[in-house]
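When a residue number appears, it is its place in the shown sequence, counting from 1.
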Amino acid sequence: MGGDVPSTFGSASSSSSNGQTDKQVEHLPMPSRNPLPLSASQEAQVRDIFYARVRKQCAEEIKAFAECALGRTFSVPFACRAPHRVMNNCMKLHATPAEQDAAREEWFALRMERARERERKAKRKAEQEAFLREWWGLPEKDREEARRELEKLNQKERVGGYVGNNRLRNANEAKKSKILEQARLERDGIDRDLHT
């Protein structure tokens, strides 16, 4: 898995509309080689990257099939059988678990870029809302609500999930919890043996 991944992820550049590729994209490393549980939407993003990578590798075969199918309706399965098989074989050849792992690593590498994009959108939304409130003479936003939105904006992207509030995170916390429970029972005058 480590040797199959191309080294282009560390220094990918994004291209602008005029064709220049000057802006370097900052990448974060994959947190670990063990697969992290992602949310459904995050897995969908990884799948989209995977499909795009496979389509990019089979672009010529896909283009040949599309040219064959252009202007046809019912006759596509018969007239374009050979290009269709070539396209499918190419996609099957490149749709491997190693390619899925590479897509997952690319998704993790682009976390910083997604965070910057999220911040940019949130700031733009806040500016537009402030402008509209001023324009229409509406009262300013409640300070508590503004603080919550700022906190939400500063939150990092969740990868892996949160630990539940009632779950113990480690052995020290389990001991501390047991000691606190015992102290509470003693304070309330409840015999521990009767309580358990």
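Across all their heavy atoms, Thr96 and Phe50 have their closest contact at O-CE1, 3.9 Å.
To the nearest 0.5 angstrom, Glu127 atom CD is 12.0 Å from Leu132 atom CG. Between atom CG of residue Leu110 and atom CD of residue Glu105 there is a gap of 12.0 Å, rounded to the nearest 0.5 Å. Interatomic distance, CZ of Phe108 versus CZ of Arg114, reported as 8.5 Å (0.5 Å rounding). Rounding to the nearest 0.5 angstrom, the gap separating the CD1 atom in Ile62 from the NE2 atom in His84 is 10.5 Å. Here the NZ atom belonging to Lys121 is positioned 15.0 Å from the NZ atom belonging to Lys123, to the nearest 0.5 angstrom. Annotation: the span from Ser75 atom OG to Arg81 atom CZ amounts to 12.0 Å, rounded to 0.5 Å.
The pair Arg124-Glu119 does not meet the salt-bridge criterion, since no charged nitrogen lies less than 4.0 angstrom from a carboxylate oxygen. Taking a cutoff of 4.0 Å between a charged side-chain nitrogen and a carboxylate oxygen, Glu129 and Lys125 do not qualify as a salt bridge.
When side chains are defined from C-beta on, His94 does not count as touching Glu99, because their heavy atoms never get closer than 4.5 Å. Side-chain contact check for Arg72 versus Cys80: some heavy-atom pair is nearer than 4.5 Å. The shortest side-chain heavy-atom distance between Arg55 and Tyr51 falls under the 4.5 Å cut-off.
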### Task
Just do the side chain to side chain contact (heavy atoms under 4.5 Å, CB included) check on Arg116 and Arg111 with the steps written out, would you?
CA-CA 9 Å; Arg116 277 195 296 273; Arg111 283 182 291 170; over 6 Å; no
### Query
Hey, mind stepping through Lys63 and Glu60 against salt bridge (charged side-chain N to carboxylate O under 4.0 Å, His left out) and telling me if it holds?
CA-CA 5 Å; Lys63 186 175 181 181; Glu60 289 141 18; over 6 Å; no
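A cation-pi contact, defined as under 6.0 Å to the ring centre and within 45° of the axis, is absent between Arg47 and Trp107.
No single ILVMFWY cluster, assembled from side-chain heavy atoms under 4.5 Å apart, contains both Ile49 and Val54. When the side chains of ILVMFWY residues are joined at heavy-atom separations under 4.5 Å, either directly or via intervening members, Val46 and Met91 end up in two distinct hydrophobic clusters. Under the 4.5 Å side-chain heavy-atom criterion for Ile, Leu, Val, Met, Phe, Trp and Tyr, Leu70 and Val76 are members of distinct hydrophobic clusters. Linking ILVMFWY residues whenever their side-chain heavy atoms come closer than 4.5 Å, directly or via other members, places Leu138 and Trp135 in the same cluster.
Remark: Glu134 CD is loosely packed, at most 12 non-hydrogen atoms of other residues, nucleotides or ligands lying under 6.0 Å away.
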